[in-house]
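Before any comments, here is the structure.
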Amino acid sequence: MKVLVLDGDGIGPEVNAQALAVLSVAADAAGLSLEVERALFGGASLDAHGLPVTDAVIADAKAADAVLLGAVGGPKWDDVAPHLRAERGLLRLRKELEVYANLRPARFSSALSAASPLRPERATGADFVIVRELVGGIYFGEPRGIDREAADPVGFNTMVYTRSGIERVARVAFELARQRGKRLTSVDKANVLEVTRYWREVVTELGATEYPDVALDHAYVDSYAMKMVANPRDADVVVTGNMFGDILSDLAAALTGSLGMLPSASIGAGGAVYEPVHGSAPDIAGQGKANPLGAILSVGMLLQHTAGRSDLKAAVDGAVQAALDDGLRTGDIAWGEPGTRQVGTVEIGQAVVDHLRSALEAGTVPLSA
Ligand code: IPM
Ligand code: MG
């Protein structure tokens, strides 16, 4: 398995180091040979090459089985021209790899209930996946820009979805729903935006023709944001466009205790990208404090979706849970409950590695080699 590691900026390198350690233990246990390549990305690439991502890195990413991404951006590069922003590098990578379906699972863990803003009696059992369309919508629509010469200067973007663009991401969501609770919620703003009225129409048709066994419902994004907080247990698989998915997934992260806990997988036509949902956290970068669990859980998703090893994914998830059960907490999830201890990136990462190794050695994880 060829993995391209793009640490990026800020805490990216720190969390990725722990994620890679976990990946190599899992790969060893499974007899998967792992070929790791590294490249600069985001601000780091901008400093070295004058671009947030180079053509060579895009080519490497296409050639790899998976990309493991850290985080991009930071105040150092905040004032560069818009087309040079680190975020643009990330968007280009997603677009060039055509990773149109971004899976962002969120699960409430009772070990982290002190870190969640929700009362445990509301949130216990919440376990859902947001399937966010990732290479279309308002993030990529043309025309876009700022016209400063206009009599009344104007900024504008275009939200656009084609039928095929909706169908392919909806298919991923329907398939996932089939493997879970056979329920799918499609989130839109069909009461106002034509583009999402069309989204609703296409998803409804696809459901009726190809997935009659999946119970489909629809919600407006504003009311769904409220429901996600009020009744997080009701959510199962949620499919939505690029921008709504961006917003709802940060909201989902808060429910679980911290953005630092959320992994993601971006899959599609030309590759796969695995990355924690959190950003580069420049305020704590380089201090050994960052939470690597989102990155580690992303490795679990890589093992599931790229390596086809759900058993190893379960083993990684279990090892993360075991480290939390030991009481280990990084700063973002440390609320001083009895039996917990605040630790750094390396310590919690090492605990996950140790738990994973012993679970794999003890054979408590049934390996489906
Ligand atoms: C995310 C991030 C990115 C996005 C940024 C960094 C471009 O917020 O992955 O959710 O908006 O997609
Ligand atoms: Mg985001």
A quick test of your reading: do over 12 heavy atoms of other residues, nucleotides or ligands sit less than 6.0 Å from CG of D79?
no
Over 12 foreign heavy atoms within 6.0 Å of CD, E121:
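Yes, because the 6.0 Å sphere around CD of E121 holds more than 12 heavy atoms from other groups.
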Is it true that a side-chain atom of [X] and a backbone atom of [Y] form a donor plus acceptor pair closer than 3.5 Å?
| X | Y | result |
| --- | --- | --- |
| D65 | V3 | no |
| E14 | G286 | yes |
| R329 | R341 | no |
| S310 | Q304 | no |
| D147 | A150 | yes |
| R183 | D234 | yes |
| S116 | S113 | no |
| S298 | Y274 | no |
| T306 | L303 | no |

Charged N to carboxylate O below 4.0 Å: is that the case for [X] and [Y]?
| X | Y | result |
| --- | --- | --- |
| R357 | D28 | no |
| R233 | D127 | no |
| R38 | D60 | no |
| D222 | K189 | yes |
| R197 | D188 | no |
| K76 | D47 | yes |

Run R163 and E205 through side chain to side chain contact (heavy atoms under 4.5 Å, CB included) and show every step you take.
CA-CA 11 Å; R163 180 173 198 98; E205 260 178 56; 2.5 Å; yes
Calculate, to the nearest 0.5 Å, the distance between atoms [atom1] and [atom2] belonging to [X] and [Y] respectively.
| X | Y | atom1 | atom2 | result |
| --- | --- | --- | --- | --- |
| N157 | I146 | CG | CD1 | 9.0 Å |
| I58 | L97 | CD1 | CG | 6.5 Å |
| I333 | L112 | CD1 | CG | 5.0 Å |
| S264 | L297 | OG | CG | 11.0 Å |
| R92 | H83 | CZ | NE2 | 12.0 Å |
| T158 | F140 | OG1 | CZ | 13.5 Å |

Between [X] and [Y], is any pair of side-chain heavy atoms under 4.5 Å apart?
| X | Y | value |
| --- | --- | --- |
| K289 | D332 | no |
| V135 | R168 | yes |
| F41 | D7 | no |
| V352 | L328 | no |
| T330 | P292 | yes |
| T185 | D236 | no |
| K2 | L34 | no |
| L216 | Y211 | no |

Determine, stepwise, if the pair V53 / L6 fulfils side chain to side chain contact (heavy atoms under 4.5 Å, CB included).
CA-CA 10 Å; V53 62; L6 302 175; over 6 Å; no
Any donor-acceptor pair under 3.5 Å linking the side-chain atoms of [Y] with those of [X]?
| X | Y | result |
| --- | --- | --- |
| T240 | Y224 | no |
| S258 | H278 | no |
| H355 | D326 | yes |
| D317 | Q321 | no |

Which heavy atom of [X] sits nearest to which heavy atom of [Y], and what is that distance?
| X | Y | value |
| --- | --- | --- |
| A173 | L184 | CB-CD1, 3.8 Å |
| S266 | L134 | OG-CD2, 3.3 Å |
| V5 | N16 | CG1-ND2, 3.6 Å |
| S280 | A285 | O-CB, 4.5 Å |
| V72 | G42 | CG1-CA, 4.0 Å |
| L360 | A315 | CD2-CB, 4.2 Å |

Apply ring-ring contact (aromatic ring centres under 6.0 Å, His included) to Y161 and list each qualifying residue two or more places apart in sequence or on a separate chain.
W199
Can you sort out the partners of F128 under ring-ring contact (aromatic ring centres under 6.0 Å, His included), two or more places apart, ordered by chain and number?
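Counting only residues at least two positions away or on another chain, F128 forms no ring-ring contact (aromatic ring centres under 6.0 Å, His included).
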Do [X] and [Y] sit in the same hydrophobic cluster, where Ile, Leu, Val, Met, Phe, Trp and Tyr count as joined when their side-chain heavy atoms come under 4.5 Å apart?
| X | Y | answer |
| --- | --- | --- |
| V237 | M301 | yes |
| V277 | L293 | no |
| V192 | M243 | yes |
| V195 | Y220 | no |
| L103 | V203 | yes |

Working for side chain to side chain contact (heavy atoms under 4.5 Å, CB included), residues R107 and T256:
CA-CA 6 Å; R107 182 183 289 158; T256 69; 5.6 Å; no
With side chain to side chain contact (heavy atoms under 4.5 Å, CB included) as the criterion, how do L356 and V353 come out once you've worked through the C-alpha distance, each side chain's angles and the decisive distance to 0.1 Å?
CA-CA 5 Å; L356 179 62; V353 165; 5.8 Å; no
Only counting residues at least two apart or in another chain, list the ones meeting side chain to side chain contact (heavy atoms under 4.5 Å, CB included) with A295.
V15, A19, P276
